[in-house]
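Working notes for the structure below.
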Amino acid sequence: MEDQIVINNTKVIIKIGDITEENVDAIVNAANSSLMGGGGVDGAIHSKGGKHILEECKKLRETIYPEGLPTGKAIITTAGNLPSKYVIHTVGPICNGNWNKNLEKQLYNAFYNSLELAKGKNLKSIAIPFISAGAYRCPKEKVATTAKKAVIDFIKSESSLDEIRFVLFSKEDFNIFIKSFKR
Ligand code: ADP
């Protein structure tokens, strides 16, 4: 299942799928600040991508991010055995069912900075999961509207990206995302 909208020559695709199977320049990982792997999409990316991803994450922890990657920031590594070329790791906020301006800004930054990083590397395509909508329990409708804001702001700036795919893991999440995103 798939839907698409075109904004200023950039195709925004919303689909159901497993992000580890996406054949794009970069997939985004909803990581945690330790960068050492975890559950959900993070676990799937590390287990299918292999040890090279973790090795690069460890180097980043030893050098620029000894305290861990702050919420809202993004870093890039190899994608190891995955079909994509890179993994962009970002950290969304932990909402635990709450929502406020601060959480919204942190989540916005996670989406926006992931897109900026792809642009900085001159990438053409990116796939993004439902960041913070799983274990971090941000309200799913709010995540979708925040993703939309970040994408629209990003596309207004000059960008190398031809295609931005949002990859949702279930039909239910897909429906929630589409409804809020297209509002
Ligand atoms: P967070 O901790 O940021 O909430 P999670 O990984 O727990 O991250 O969940 C984020 C979203 O990713 C959830 O909607 C979850 O269903 C989804 N997800 C889990 N595995 C995959 C996968 N392989 N591909 C795409 N989405 C996935």
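Both counts, for ligands and for their atoms, begin at 1 and track the order of listing. Because the structure is a prediction, the values reported are computed rather than measured. In this chain, residues are counted from 1 in sequence order.
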Self-check item: Lys/Arg N to Asp/Glu carboxylate O, E104 vs K149, below 4.0 Å
Solution: yes
Quiz item: Which protein non-hydrogen atom lies closest to atom 23 (N) of ligand 1, naming both residue and atom, and how far is it?
Solution: D18 OD1, 2.9 Å
Exercise. Measure the acute angle between the ring planes of F177 and F166, then classify it against the limits of 30° and 60° as parallel, tilted or perpendicular.
Key: tilted
Quiz item: If you count the atoms of ligand 1 from 1 in the order shown, which ones are under 4.0 Å from a heavy atom of A30?
Solution: 3 (O), 8 (O)
Exercise. For S132, take its heavy atoms, then give the atoms of ligand 1 lying under 4.0 Å from any of them.
Key: 1 (P), 3 (O), 4 (O)
Self-check item: Distance in Å, I155 CD1 paired with D153 CG, rounded so as to fall on 0.5 Å steps
Solution: 10.0 Å
Quiz item: Do any N or O atoms from the side chain of N113 and from the backbone of G72 form a donor-acceptor pair under 3.5 angstrom?
Solution: yes
Quiz prompt | Numbering as shown, the atoms of ligand 1 that approach G40 to under 4.0 Å (heavy-atom distance) | solution = 6 (O), 19 (C), 20 (N)
Practice problem: For the pair N98 (side chain) and C95 (backbone), establish whether a donor and an acceptor sit closer than 3.5 Å, ignoring hydrogens and angles. | Solution: yes
Self-check item: N/O separation below 3.5 Å, T20 to ligand 1
Solution: no
Quiz item: Purely on distance, is any nitrogen or oxygen of G39 under 3.5 Å from one on ligand 1?
Solution: no
Quiz prompt | Region of I45 engaging ligand 1 - heavy atom pairs below 4.0 Å | solution = neither
Practice problem: Please round to the nearest 0.5 Å and tell me the distance separating atom CG of N23 and atom CZ of R165. | Solution: 7.5 Å
Exercise. Show which atoms of ligand 1 fall inside a sub-4.0 Å distance from at least one heavy-atom site of D173.
Key: 14 (O)
Quiz item: For ligand 1, is there an N or O atom under 3.5 Å from any N or O atom of F130?
Solution: no
Quiz item: Short list, please: which atoms of ligand 1 are under 4.0 Å from a heavy atom of F169?
Solution: 16 (O), 17 (C), 18 (N), 19 (C), 20 (N), 21 (C), 22 (C), 23 (N), 24 (N), 25 (C), 26 (N), 27 (C)
Exercise. Write out the residue and atom name of the closest protein heavy atom to atom 9 (O) of ligand 1, then the distance separating them to 0.1 Å.
Key: G134 CA, 3.3 Å
Self-check item: With sequence neighbours excluded, residues passing side chain to side chain donor-acceptor pair (under 3.5 Å) with K119
Solution: S157
Self-check item: A135-ligand 1 polar pair, N/O distance under 3.5 Å
Solution: yes
Quiz item: Between K58 and E55, is the closest basic N to carboxylate O distance under 4.0 Å?
Solution: no
Quiz item: Judged by non-hydrogen atoms, does G92 sit under 4.0 Å from ligand 1?
Solution: no
Quiz item: For atom 24 (N) of ligand 1, which protein heavy atom lies nearest, and how many Å away is it?
Solution: I19 N, 2.9 Å
Self-check item: Residue, atom name and distance, where the atom is the protein heavy atom closest to atom 6 (O) of ligand 1
Solution: V41 N, 2.9 Å
Self-check item: Heteroatom distance test (Y136, ligand 1): nitrogen or oxygen, under 3.5 angstrom
Solution: yes
Quiz prompt | Presence of salt bridge, D25 and K121, under 4.0 angstrom | solution = no
Quiz item: Going from OH on Y108 to NZ on K105, what distance comes out if it is rounded to the nearest 0.5 angstrom?
Solution: 6.0 Å
